[in-house]
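Please see the structure below; I have some questions.
Residue numbers start at 1 and run along the sequence shown. Each ligand, and each atom within it, is numbered from 1 in the order the structure gives.
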Amino acid sequence: MTAELSPIDNAKYAAAQRSVDFVESGMKLGLGTGSTAAWMVRCLAERIRNEGLKVTCVATSKRTADLARELGVTVVSLDDVKWLDLTIDGADEFDPNLNLIKGGGAALLQEKIVATASDRMIVIADAAKEVAQLGAFPLPVEVIPFGWETTKALIEETLYSLDVLNREVNLRLNRSRPLRTDEGNLILDLNLKRIGNPRQLALVLNQIPGVVENGLFIDICDVVVIGNGDGRVTVRDINSGRVEDTSIDLAQSANIFAELGD
Ligand code: 5RP
């Protein structure tokens, strides 16, 4: 069986395939969540199968853990290993400083804990995720269910003193019911259009009672791997300033898709 992949899937595959080149045998690895991260788990599983690569992984969501285990990747808890060499994850937006918006897949809490517990974080993304300024993608904020409407009102009030273009806050739904995260919490999506000072916003949001964590990842990402639909990949390292352009053979993507399933 072969599968015809869309340009966006090819872009995600290209970024994911390049990112697993950074994985070395013996590493403790954080596995992100989302469709791009799922491609990375498939590419990693291929390397494990073909090269006998030995890695110990921590997943950032139940669905990533399930996928990884299904493909024969060893998954342990963060408490088992405590610290990681590398985390590879997707993002909803990244800016020129490699600050991120994450949480489109509602996994931002575990994603931030895992990325922060890693020596290095690599973000994999298609080129459309690159923005000059964060905020077009609604910022996810995880809140506890108790008193969530009060927490929402407090967030709305706080936004009035901050440099954002829009101040709309929505409870995220899943099939018309409030979405629950892996921790049983709720997600509020902040439709801000433009975030003038992401660092300040991230700090202020986390001071509001009821807020567990927000989806702004500030100074956490080290490298971004940007994929394009034609297989071109750019690797940008924020610490060294190095930029590398390569190309990935897309013929492999259909094979991995067919062999490992979606
Ligand atoms: C999940 C995330 C994802 O990494 C982000 O939403 C990107 O997902 P995708 O790769 O499917 O576009 O933050 O909480």
> At a 4.0 Å threshold, what atoms of ligand 1 neighbour a non-hydrogen atom of G90?
Replying inline: 4 (O)

> Using a distance-only test with no angle check, is there a side-chain donor-acceptor pair under 3.5 angstrom linking N197 and D163?
Replying inline: no

> What's the shortest distance from atom 3 (C) of ligand 1 to any protein heavy atom, and which residue and atom give it?
Replying inline: T33 O, 3.1 Å

> What atoms in ligand 1 come closer than 4.0 Å to a heavy atom of A106?
Replying inline: 14 (O)

>> Treating D92 as the side-chain partner and G103 as the backbone partner, does any N or O pair qualify as donor plus acceptor under 3.5 Å?
In response: yes

>> Is the shortest side-chain heavy-atom distance between L171 and L188 below 4.5 Å?
In response: yes

> Is the shortest side-chain N to carboxylate O distance from K28 to D80 below 4.0 Å?
Replying inline: no

> Is it true that E46 and R42 make a salt bridge, defined as a side-chain N closer than 4.0 Å to a carboxylate O?
Replying inline: no

> Can we say D21 and R18 salt-bridge, meaning some charged N sits less than 4.0 Å from an Asp/Glu carboxylate O?
Replying inline: yes

> With side chains defined as the heavy atoms from C-beta onward, is the minimum distance between R47 and N50 less than 4.5 Å?
Replying inline: no

>> With heavy-atom distances below 4.0 Å as the criterion, list the atoms of ligand 1 near D89.
In response: 4 (O)

> Quick check: does G105 get an N/O under 3.5 Å from an N/O on ligand 1?
Replying inline: yes

>> Which of the numbered atoms in ligand 1 are under 4.0 angstrom from any heavy atom belonging to G103?
In response: 2 (C), 13 (O), 14 (O)

> Under 4.0 Å from any heavy atom of T36, which atoms of ligand 1 are there?
Replying inline: 9 (P), 10 (O)

> Going through the checks in order, is the side-chain hydrogen bond (donor to acceptor under 3.5 Å, both in side chains) test met by Q133 and D95?
Replying inline: CA-CA 6 Å; Q133 197 164 28; D95 74 6; over 6 Å; no

> Considering only protein heavy atoms, which is closest to atom 5 (C) of ligand 1, and at what distance to one decimal place?
Replying inline: D92 OD1, 3.1 Å

>> Tell me if a side-chain donor or acceptor on E111 pairs with a main-chain N or O of G32 at a distance below 3.5 Å.
In response: no

>> Applying a heavy-atom cut-off of 4.0 Å, say which part of P140 lies close to ligand 1: side chain, backbone, both or neither.
In response: neither

>> Can you report which non-hydrogen protein atom sits closest to atom 11 (O) of ligand 1, along with the distance?
In response: S35 OG, 2.5 Å

>> Students should be able to answer this: which protein heavy-atom is nearest to atom 12 (O) of ligand 1, and at what distance?
In response: K129 NZ, 2.8 Å

>> Suppose I only count heavy atoms of E111 and a 4.0 Å limit; which atoms of ligand 1 are within that range?
In response: 1 (C), 2 (C), 4 (O), 13 (O), 14 (O)

>> Quick check on contacts: which atoms of ligand 1 are under 4.0 angstrom from a heavy atom of G34?
In response: 11 (O)

